[in-house]
Amino acid sequence: MQIVMVGTGYVGLVSGACFSEFGTSVTCVDKDAAKIESLEQGRLPIYEPSLERLVAHNIAAGRLSFTTDLDKAMAGAEAVFIAVGTPSRRGDGHADLTYVYDAAREVAATMNGYTVVVTKSTVPVGTGCEVARIIGEARPDADFDVVSNPEFLREGSAIEDFMRPDRVIIGTESARAREVMRHIYRPLFLIETPILFTNLETAELTKYAANAFLATKITFINEIANLCDRVGGDVHDVARGIGLDRRIGRKFLHPGPGFGGSCFPKDTLALTQTAQQAGAPMRIVETVVEVNEQRKKNMAQQVIDGCGGSVVGKTIAVLGFTFKPNTDDLRNAPSLDIVPALQAAGAEIRGFDPVGMDEARTLLNDVTWCEDAYGAMDGADALVIVTEWNEFRALDIERVKRTLRQPVLIDLRNIYDPKEMTAAGFSYSCIGRARVTAESGS
Ligand SMILES: NC(=O)c1ccc[n+]([C@@H]2O[C@H](COP(=O)([O-])OP(=O)(O)OC[C@H]3O[C@@H](n4cnc5c(N)ncnc54)[C@H](O)[C@@H]3O)[C@@H](O)[C@H]2O)c1
C-alpha cells in the first residue's frame, strides 16, 4: 500500500509518520520547499513530542519520504490525503478552502489509476462533494472516490492520539473506497478501535460538532469560574463535583484564560457560519465564540487587578506563550491578547517559553526574551503564568520569591495551590478560586 499526504504540517507530518509506522509506504508532499528540505535533513519544522524519533525511524526503514513533487509522489499511490490548512477566511469567519481546492486540482492533474482522495483537513459540510466535482471536471477520465476522514489528534499528544484514537470516522458511500480505508487503518481495526463508517456529510459535520462541543465545555467552566470568583466557590471542586457524573465527564472542565490554538477558534466560527447559511443557526456556539474572544481580552485586566490595579511602569514576567504545553504553536494563543494589552497598559514584559519563543518573537514586539523562567522573573514586579508547561508547575517557590521584586503571582492556569501560595507569602490570584485565596490569607 502506497499513500500520499498533501500538506506536511502538524496533521500531515504526524499522520504520514504514523501511517508509515503502521507499515504503509508514505510520501509527504508540501509546497514549502524549506520545510521539505529541513525534513530531508532530519530536522523537524514543528515541535511535537516523540515525532523526531518516529520520523527518523521510518525514513531509515524506507517507508517515509518527503518531496515537493506531487506528480512523482502520486505514481502508484492508491490513496491521497489532503491535509492542508483551512484557516478562517478574513472578514466572515468561513473556512478558507482555497488550499483544499488547489490541492484537489493538483491531485486531479496527477492521478493515475483508481485513487481514493481523502480529506483529512477540517472542512465544512459539502466540501467533499465540491472536491469530487473539481476533480471530475478537471479529469473526466479519472477513476476515483472522495472520502472524508477528519483528524482528531491534539498537538502535544498527537502521536498517541493518532496511534490509539478514541475513534476513526470514515465518510464515504463507496464500498471500494471503504475497502481501501479499511486496509490503511488495519492496525487500528486489530486493536478494536471504534471505526465509524458514515456518509461524507456526516463525517465532515462530526469533526465540527466535536470541536464545538469541547469548546462549549471549556467556556461553560470558565463562566462558572467567573461566578465562583463573585460568590465564593472553588471552581475545581465544582468541576469535580459535576465531572464525576458520567453523563458529564471530567475532561475539559479546567478553567483558564480562554481557548486558543489552530482549531477551536476557527472551527467554532466556521460552524456558526455554516449553520447560519443553512438556516439552522447555532446560538450556543455563537455565544461560545463571543464569550471566549471577550475572555481572552479580559485576561489582561485580571493581571492588572492582581498587580493592585495598575501596571504602569511595572515589569511583568510572563511564562508560556504557546496556546498549550508541548507544542510550539501560537495560533490564537491567549498570550497574543494578554501581552499587547499589558504593554498598552504601561507594563514592560520579560518572557520565557520552553519551545515557543522563536515563533513568539515574530508575533510580539518589545518583549525581553529570557533564557529560562527565573531569568524572566529577574527584577519583575509580578509573575504571570499563561501556559501550563510542566516546568512551570514545579518552580522553586522560595527562589521565585527571592527573584521577583514583589511576591505577586497571577496564575491563569490554576497550577498552584492558593492556600500554599498565600502561606508562602505571595499575593496570589488565579481563576475561580477567589474565596480559597482570601480565606487562606485571613
Ligand atoms: N493542528 C491540529 O492540531 C489539527 C488537528 C486536527 C485537525 N486539524 C486540521 O488539519 C488541517 C491542517 O492543519 P495543520 O495544523 O496541519 O496546518 P499547517 O498549517 O501546519 O500545515 C498545512 C501545510 O500544508 C501545506 N500546503 C498548503 N497547500 C498545499 C498544497 N497545495 N500542496 C502541498 N502542500 C500544501 C502548507 O505549506 C503547510 O505546510 C486543518 O484543516 C486543521 O483544521 C488540525
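Order of appearance sets the numbers: ligands from 1, and atoms from 1 within every ligand. Note: hydrogens, waters and symmetry copies are ignored here, and every other heavy atom, side chains too, is used.
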Quick test: of every protein heavy atom, which one is nearest to [atom], and how far off is it to 0.1 Å?
atom: atom 5 (C) of ligand 1; value: L153 O, 3.4 Å
atom: atom 35 (C) of ligand 1; value: V84 CG1, 3.6 Å
atom: atom 44 (C) of ligand 1; value: V11 CG2, 3.2 Å
atom: atom 17 (O) of ligand 1; value: R331 NH1, 3.9 Å
atom: atom 6 (C) of ligand 1; value: E151 O, 3.2 Å
atom: atom 32 (N) of ligand 1; value: V6 CG1, 3.4 Å

Pair up each side-chain donor or acceptor in residues 2-14 with any protein partner under 3.5 Å, not counting sequence neighbours, and list the distances.
| residue | atom | partner | partner atom | Å |
| --- | --- | --- | --- | --- |
| Q2 | NE2 | A75 | O | 3.0 |
| T8 | OG1 | V29 | O | 2.9 |
| Y10 | OH | D328 | OD1 | 2.4 |

Q: Mark up the atoms of ligand 1 that fall under 4.0 Å of a heavy atom belonging to K35, in ascending order.
A: 38 (C), 39 (O)
Q.
Under 4.0 Å from a heavy atom of T86: which atoms of ligand 1 are those, numbered in the order shown and with their elements?
A.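 Those qualifying, in numeric order: 40 (C), 41 (O), 43 (O).
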Q. In chain order, what residues pass the side-chain contact (heavy atoms from CB on, under 4.5 Å) check against Y99, with sequence neighbours excluded?
A.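 Scan of Y99 (side-chain contact (heavy atoms from CB on, under 4.5 Å), adjacent residues dropped) gives V84, P87.
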Q | Backbone N/O of G261 and side chain of K324: donor-acceptor pair under 3.5 Å | A |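 No.
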Q) Under the criterion side-chain hydrogen bond (donor to acceptor under 3.5 Å, both in side chains), which of E388, H236, H254, R433 is the partner of N414? A) H236
Q.
Is a donor from one side chain sitting under 3.5 angstrom from an acceptor on the other, for E173 and N199?
A. no
Q) Could you give the distance from CG (N292) to CG (L269), rounded to the nearest 0.5 Å? A)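 So the CG of N292 and the CG of L269 are separated by 11.0 Å.
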Q) Can you find an N/O atom of D30 closer than 3.5 Å to an N/O atom of ligand 1? A) yes
